[in-house]
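Contents: one structure, followed by commentary.
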Amino acid sequence: MDLGIRGKTALVTAASRGIGYACALTLAKEGANIVICARQESPLNEAVERIRGETRSRVIGQTADITQAADIERLVAAATAEFGGIDVLVAIGGSPPRGSFAQTDEDRLRQGFEMTVLPLFRLVKAVLPHMQARKWAA
């Protein structure tokens, strides 16, 4: 398939394994430059090497916990320094605490919001100016 992203730069979060890794690998196979992040350095470095080996795309990894605003800033800065900007964002985050509605109190609800919605909001806010400048977002 041709997604029309050859030479574009994609930032994929939570990409050392699972869905994030699969997304990063697929985008790399399409010829995109890839920036991936994960919280743990060793699995992140392994994922970078696997994607490079399988696709020969330009790939960098940056340790980051996307629930931390400073980590998002560092991640976007690393992507911009290496590739000049970001065209595509694949934002994969954590999940809220498990439990039924009856078990959920305001603290658990707040924790879920801070783990899922707030990081994605921050990521989009950080990446959107780059995507707009490259005409990949309105």
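One-based numbering along the sequence shown. Note: hydrogens, waters and symmetry copies are ignored here, and every other heavy atom, side chains too, is used.
- No chain of hydrophobic side-chain contacts below 4.5 Å, direct or via other Ile, Leu, Val, Met, Phe, Trp or Tyr residues, connects V117 to I92.
- Closest approach of A91 to L120, counting heavy atoms only: CB-CD2, 3.5 Å.
- When all heavy atoms of P119 and F113 are compared, the closest pair comes out as CD-O, 4.2 Å.
- Counting only heavy atoms from C-beta outward, the side chains of V48 and I60 never approach each other to under 4.5 Å.
- In the hydrophobic clustering of this structure, V127 does not group with F121; members are Ile, Leu, Val, Met, Phe, Trp, Tyr whose side-chain heavy atoms approach within less than 4.5 Å, directly or through other members.
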- C37 and I66: side-chain contact (heavy atoms from CB on, under 4.5 Å), yes or no, with the steps? CA-CA 9 Å; C37 76; I66 64 166; 4.1 Å; yes
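- Between A28 and T55, the closest heavy-atom pair is CB-OG1, 3.6 Å.
- Taken to the nearest 0.5 Å, the CZ atom of R50 stands 8.0 Å off from the OG atom of S16.
- The minimum heavy-atom distance linking R122 with T67 is given by the pair NH1-O, 3.3 Å.
- Other residues, nucleotides and ligands place no more than 12 heavy atoms under 6.0 Å from the CD1 atom of I19.
- The structure places CZ of R52 at 11.5 Å from CD1 of I34, a figure rounded to the nearest 0.5 Å.
- For the atom pair CD1 (I36) and OG1 (T13), the distance works out to 10.5 Å, reported to the nearest 0.5 Å.
- Q40 CD: 12 or fewer foreign heavy atoms inside a 6.0 Å radius.
- Contact detail for A137 and L128: the closest heavy-atom pair is CB-CD1, 3.7 Å.
- W136 CH2 to I5 CD1: the interatomic distance, rounded to the nearest 0.5 Å, is 7.0 Å.
- Heavy-atom minimum distance, R134 versus F83: NH2-O, 2.9 Å.
- In terms of modelled atom types and a separation under 3.5 Å, the side chain of E114 and the main chain of Q111 share no donor-acceptor contact.
- Within the 4.5 Å cutoff, side-chain heavy atoms of I86 are placed close to those of V76.
- Within the 4.5 Å cutoff, side-chain heavy atoms of I51 are placed close to those of Y21.
- E54 pairs by the side chain to side chain donor-acceptor pair (under 3.5 Å) definition with K29, not counting sequence neighbours.
- Atom CD1 of residue I72 and atom CG of residue L11 lie 9.5 Å apart, to the nearest 0.5 angstrom.
- Residues T80 and H130 meet the side-chain proximity criterion, which asks for heavy atoms closer than 4.5 Å.
- One hydrophobic cluster, built from ILVMFWY side chains closer than 4.5 Å, holds both V124 and M131.
- Classification of K8 and E30 as a salt-bridged pair fails, no side-chain N sitting under 4.0 Å from a carboxylate O.
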- Query: Given N45 and E41, is the side-chain contact (heavy atoms from CB on, under 4.5 Å) satisfied, shown in steps?
  - Reply: CA-CA 6 Å; N45 292 338; E41 188 172 8; 3.4 Å; yes
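- The line from CG of L75 to CG of D65 is 11.0 Å long, rounded to the nearest 0.5 Å.
- Residues satisfying the side chain to side chain donor-acceptor pair (under 3.5 Å) test with D105, not counting sequence neighbours, are none.
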